[in-house]
S.K.: 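Please read through the structure below; I'll follow up with questions.
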Amino acid sequence: MTNLYLIAFILVGVITANIVKPFFPKIPESFVLIAIGALFSFIPIFNEFTLEPEFFMLLIIAPLMFMDGKEQSIRTIRTNFRLIIELSVTLAIFTALIVGILTDRLEAHWSFPLSIALAAIVVPTDAVAVKSITSGLSMPKGVNRALNLESLFNDATGLVMLNLALSVLQQGHFSLVHGINQFLIVAGGGVLVGILASFIIIKIRTYLTTHAVNAAATIIPISILTPFAIYLLAEHWGVSGILAVVASGIVHNWDSSRLRLNSTEVQLTTSTIWKTLTTILNEVVFLLLGLSLPAVINEMIQIGFDYSFELIGLSLAIYTVMFIGRFVWVRVEKSQRLQPFFGHQDQPDRFKSARLFGISGVHGTITLAMAFSLPTTINGQPFPFRTELIIIATLLILISMLVASLMLPRLLPREQTDYTPEEINQIRDQMIDYAMLRSQEQISDRDIREAISAQLNSQKTNLRNFDQVRYSEEYLNELNEIADFVSAYTHGDYVNATYSDDVIDMYNKILQKTLLNPNRRRHPIRSLEHQFRRVFHEMRFHISTGTITKKQRKSFYKKRLNTDKKFAEKVKTWKANQEVLLQLNNDVMQAVDTHLDDILRENLQSKTNSNELYLARKTMDRFFTMIQHDFHQKQININSDTFVQVFRYEYDYVQKGVQDESIKPAIANILFNEINQAQALQLMKNKEETLAIE
């Protein structure tokens, strides 16, 4: 139960961070999450919280590395394989060696294997942290790709090197041949396990797609469990679980590129689930780092100020030498493979890229997890300097993130787009208005037209609800203009020739009283008062007549019609007027629909916002419903073909805008994606409703 509470509080922390982030737009998201985690550490359940490496690596790092691999195609890996080895292995080993040598020189009491263990811990970089820091900044594409490729496998390189260092500490000697063999077995074995296990899982999943009773309920859980299962399998066999899940992700990327029409719905659902899960886990990573900080600070307090200050100095020296190592490696390396990523060696861009690459070597919670994974004893003795290693790892994480947060915004320009959110919203509204207008023209059934209109307008991100606009000047102007049209129409030649003056006057009085009465419109409490009065009169009627049930009420009216001639004549006249009033209401409704379509067409041509017009139209629908005395919610069934055609109207509008250059290609891509997602969602919803009816 404690673990359940722990997970629940962590998720609450993620939610809290997402609520708080908008209030601090200039602070990187990662620092907000770390701060929230540090504050949560004061909650009793998190007292003396320490990061459990097994829990962290399995439940958080494994799925994140799986998705990192899934974002890389086999073609990309094959094309950049040698560069990936240079970044993830050669550069990692080079960095670890210079850090190990520096630490061995500065810390006379440390053995060289212990220095290498520290170097292995601080080697892994965190591309997620860099993305958080550079959000809204324009990082050069080549440098960004290099950072992503580097982070693919350098976690595994650091883990393998750490295991080798611990083996040397335990055995007391080091064999180069044994070390290389161990590296190849652990790394190569992890990749092999990931590939073979993935192909088996894919075969099982493909079979279940066509043979399972409910494919989604079977395949989606398998997809979610895949990285955990492969990580555990690889670790059980003594090979790298991290490399196994990365390799598995790459294989799954290859499989997902093969579109299978019979599993498209499952693929879309799985993709959405994984995107959400990845976002949450990325935030949990920094939250856990914040939760771990108090424990590290307590360790620093216990070892004393002087020694803590010495460790801070060592951390700064290690960070500096790591930055220099990364910078020099990019600046001096003459390989042609680096040019697409960092530019030509003799060009100024190469110096800038080398500096960015050095600063972007940010370390994250994998480093902290590796530090906490150090054993407490070795050969029956306490592990030497374990506390110091954890403190230095934490300090290096904070230093690297702080330097990147301060320097990258100064070195990188703000991300520029050729459009604004307001521009997207405006074009989206026009697209929806166009589709709505075409639907009004093509669909004869008014109920379906109005349902389609409501569905389309729900796509508008800036559409305010009725309560927000009911007192706005724009809305009142629209409503008054419609009322003036209704008044003019009811006094026109056709209505005067078809209906009596009494019916026309009655209709206009209802219009004035229910729709345009400023007291009721501007004072909502009047409407509540009216409702109470109506209930009071109804209760008084039931008490005075002794009727409670519907059957009793019908019997009372039937008896009164037979005995009270004046009442019967009055009811007969009312029914006759009601039928004529309904006919007039239908004529007015058709005229108003045509009139509003004309206004919508004019607004579309002049690129005028039609949000208030749509809400005024909804108000008129309520008025027409009130006249009809039909307050029951109608079940409107719209077939899939109608929705496909409506979404086609939206697509046509955007495509035409691209052709005549009134819509920018970048905006068109965003809208095309929204249309496709809305169409897929609506078709799935229609399918579910059809199955429910059947």
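None of the values given here were measured: they were computed from a predicted structure.
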S.K.: Between Glu478 and Arg617, is there a salt bridge with N-O shorter than 4.0 Å?
M.R.: no

S.K.: If every non-hydrogen atom of Ser439 is compared with every non-hydrogen atom of Ala435, which pair is closest and at what distance?
M.R.: OG-O, 2.8 Å

S.K.: I want to check something: taking the side chain as every heavy atom from C-beta on, are Asp433 and Tyr614 in contact at a cut-off of under 4.5 Å?
M.R.: no

S.K.: Atom CD1 in Ile599, atom OG1 in Thr594: separation rounded to 0.5 Å?
M.R.: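 Ile599 CD1 to Thr594 OG1: 11.5 Å, rounded to 0.5 Å.
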
S.K.: With no hydrogens and no angle check, is any side-chain donor or acceptor of Ser662 less than 3.5 Å from a backbone partner on Val658?
M.R.: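 Absent.
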
S.K.: With rounding to the nearest 0.5 Å, note down the distance linking CG in Asp598 to CG in Leu437.
M.R.: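 Asp598 atom CG to Leu437 atom CG measures 9.0 Å (nearest 0.5 Å).
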
S.K.: Can you name the closest pair of heavy atoms from Ala17 and Leu33 and give their distance?
M.R.: CB-CD2, 3.2 Å

S.K.: Do the side chain of Asn673 and the main chain of Asn669 share a donor and acceptor less than 3.5 angstrom apart?
M.R.: no

S.K.: Would you check, one step at a time, whether the test side-chain contact (heavy atoms from CB on, under 4.5 Å) holds for Gln440 with Ser453?
M.R.: CA-CA 8 Å; Gln440 300 282 3; Ser453 175; 4.2 Å; yes

S.K.: Quick check for you: to the nearest 0.5 Å, what is the distance between Leu479 atom CG and Phe623 atom CZ?
M.R.: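 Between Leu479 CG and Phe623 CZ, I get 10.5 Å after rounding to 0.5 Å.
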
S.K.: Has Thr490 got a side-chain atom pairing as donor or acceptor with Ser487's backbone, closer than 3.5 angstrom?
M.R.: yes

S.K.: How long is the gap from CD1 on Ile273 to OG1 on Thr278, to the nearest 0.5 Å?
M.R.: 11.5 Å

S.K.: Roughly how far, to the nearest 0.5 Å, is CG of Asp429 from CE of Met436?
M.R.: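 Interatomic distance, Met436 CE to Asp429 CG, rounded to 0.5 Å: 10.0 Å.
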
S.K.: With salt bridge (charged side-chain N to carboxylate O under 4.0 Å, His left out) as the criterion, how do Lys509 and Asp505 come out once you've worked through the C-alpha distance, each side chain's angles and the decisive distance to 0.1 Å?
M.R.: CA-CA 6 Å; Lys509 285 180 180 179; Asp505 290 342; over 6 Å; no

S.K.: Which pair of heavy atoms, one from Ile224 and one from Pro227, lies closest together, and at what distance?
M.R.: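 The answer is O-CD, 3.4 Å.
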
S.K.: Quick one: does Leu600's side chain get under 4.5 Å of Leu596's, heavy atoms only?
M.R.: no

S.K.: So, His595 side chain and Ala591 main chain: donor-acceptor pair closer than 3.5 Å or not?
M.R.: no

S.K.: Quick one: does any side-chain atom of Thr619 pair with a main-chain N or O of Leu615 as donor and acceptor, under 3.5 Å?
M.R.: yes

S.K.: As a quick check of understanding, evaluate side-chain contact (heavy atoms from CB on, under 4.5 Å) for Tyr494 and Tyr489, giving each step before the final call.
M.R.: CA-CA 8 Å; Tyr494 169 75; Tyr489 177 78; 3.7 Å; yes

S.K.: Would a distance-only check, ignoring hydrogens and angles, find a side-chain to backbone donor-acceptor pair under 3.5 Å from Asn253 to Gly249?
M.R.: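 Pair absent, no side-chain N/O of Asn253 close to backbone of Gly249.
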
S.K.: Got Leu287 and Glu283 here, is their nearest side-chain heavy-atom distance under 4.5 Å?
M.R.: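 No, side chains not in contact.
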
S.K.: Using modelled atom types and a 3.5 Å cut-off, is there a donor and acceptor pairing between side-chain atoms of Thr279 and backbone atoms of Lys275?
M.R.: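 Yes, the answer is positive, given that a donor and an acceptor are paired below the 3.5 Å cut-off.
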
S.K.: Does either side chain, that of Gln430 or that of Tyr653, offer a donor lying less than 3.5 Å from an acceptor on the other one?
M.R.: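 A donor-acceptor contact under 3.5 Å links the two side chains.
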
S.K.: Kindly determine whether Arg205 and His252 satisfy side-chain contact (heavy atoms from CB on, under 4.5 Å), including the steps that lead there.
M.R.: CA-CA 11 Å; Arg205 201 176 61 206; His252 278 76; 3.4 Å; yes

S.K.: Ignoring hydrogens, what is the shortest heavy-atom contact between Pro63 and Leu281? Give both atom names and the distance.
M.R.: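 What the structure gives for the nearest pair is CG-CD1, 3.5 Å.
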
S.K.: Could you please spell out the steps behind the side-chain contact (heavy atoms from CB on, under 4.5 Å) verdict for Trp274 and Phe66?
M.R.: CA-CA 10 Å; Trp274 267 113; Phe66 175 77; 4.0 Å; yes

S.K.: Can you check whether Asn425 reaches Glu422 side chain to side chain, under 4.5 Å on heavy atoms?
M.R.: no

S.K.: Please tell me if the side chains of Phe286 and Val32 come closer than 4.5 Å, counting only heavy atoms from C-beta onward.
M.R.: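 Of all side-chain heavy-atom pairs linking Val32 with Phe286, none is under 4.5 Å.
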
S.K.: Run the salt-bridge test on Lys618 and Asp621 with the 4.0 Å N-O cut-off and return the result as yes or no.
M.R.: no

S.K.: Flag the pair Arg648 and Asp652 as a salt bridge only when some basic side-chain nitrogen lies within less than 4.0 angstrom of an acidic carboxylate oxygen.
M.R.: yes

S.K.: Is the shortest heavy-atom distance from the side chain of Glu674 to the side chain of Arg428 under 4.5 Å?
M.R.: yes

S.K.: Assess whether atom CD of Glu661 is packed by more than 12 heavy atoms of other residues, nucleotides or ligands within 6.0 Å.
M.R.: no

S.K.: What is the minimum heavy-atom distance between Ile36 and Gly13, and which atoms define it?
M.R.: CG2-O, 3.8 Å

S.K.: Hey, can you tell me if Tyr434 and Tyr649 have their rings parallel, tilted or perpendicular (30° and 60° cut-offs)?
M.R.: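 Perpendicular: the ring planes of Tyr434 and Tyr649 meet at over 60°.
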
S.K.: Under 3.5 Å, is there a donor-acceptor pair linking the side chains of Tyr499 and Asp587?
M.R.: yes

S.K.: Salt bridge check: are Glu441 and Arg601 linked by an N-O gap of less than 4.0 Å?
M.R.: yes

S.K.: About how many Å separate CD1 of Ile443 and CD1 of Ile452, when rounded to the nearest 0.5 Å?
M.R.: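 These two atoms lie 5.0 Å from each other.
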
S.K.: Quick one, Met67 and Leu277 - any side-chain contact, counting heavy atoms below 4.5 Å?
M.R.: no

S.K.: Check whether any side-chain heavy atom of Ile675 lies under 4.5 Å from a side-chain heavy atom of Met431, and answer yes or no.
M.R.: yes

